[in-house]
Amino acid sequence: VQLQASGGGLVQAGGSLRLSCAASGLTFSNYAMGWFCQAPGKAREFVAGISWGGRSTDYADSVRGRFTISRDNAKNTVYLQMNSLKPEDTAVYYCAAGPTVRTMVAGKGDYWGQGTLVTVSS
């Protein structure tokens with residue numbers, strides 16, 4: 001199983017980025033997907049999760065209303081649209097696959113990808 005995250009970079013505060021995570025080696029449409037972040041010196045945190053069919057989503061309070069998670073099962077890809085970025089959003093962002101959105105919220109993914117770095121300058 002491979003989860004390949006991309007789309008990170010350097011952006012000014014108030015700007016936007018779109019992260020992508022391409023999955024292979026698993027039946028993508030059978031899995032809930034999640035995005036997590038880890039800032040320097042901090043523990044990994046849940047950011048957003050989406051159910052296998054895309055009908056159910058959940059977000060961390062810190063990103064609700066600014067970030068949107070979506071998926072395209074035909075492309076085996078999950079996205080994270082990040083708007084109104086803040087310097088405190090600076091972190092390495094990871095994607096993960098698991099059985100349900102609830103397991104994503106609990107940080108218990110079955111599979112994890114490598115991270116992509118997002119840096120937000122003030």
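The number of heavy atoms from other shown groups lying within 6.0 Å of CD (Gln2) does not exceed 12. In Arg102, the CZ atom is not crowded: 12 or fewer heavy atoms of neighbouring residues, nucleotides or ligands sit closer than 6.0 Å.
In the hydrophobic cluster analysis, where Ile, Leu, Val, Met, Phe, Trp and Tyr join through side-chain heavy atoms closer than 4.5 angstrom, Leu117 is grouped apart from Leu19. Hydrophobic clustering of Ile, Leu, Val, Met, Phe, Trp and Tyr side chains at less than 4.5 Å, counting indirect connections, unites Val63 with Val120.
No salt bridge links Lys86 with Asp89; every basic N to acidic carboxylate O contact stays at or beyond 4.0 Å.
With rounding to the nearest 0.5 Å, the separation of OG1 in Thr103 from NZ in Lys108 is 9.0 Å. How far CG of Asp72 is from OH of Tyr79: 5.0 Å, rounded to the nearest 0.5 Å. The CG atom of Asn76 sits 7.0 Å away from the CG atom of Leu26 when rounded to the nearest 0.5 Å. With rounding to the nearest 0.5 angstrom, the CG atom of Asn30 is 9.0 Å from the CG atom of Asn73. Taken to the nearest 0.5 Å, the CE atom of Met104 stands 7.5 Å off from the CE atom of Met33. Expressed to the nearest 0.5 Å, how far CG of Leu17 lies from CG of Leu80 amounts to 9.5 Å.
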For Trp112 and Phe36, run ring-ring contact (aromatic ring centres under 6.0 Å, His included): C-alpha distance rounded to whole Å, both residues' side-chain angles, the deciding distance at 0.1 Å, then the answer. CA-CA 10 Å; Trp112 293 84; Phe36 298 79; 4.7 Å; yes

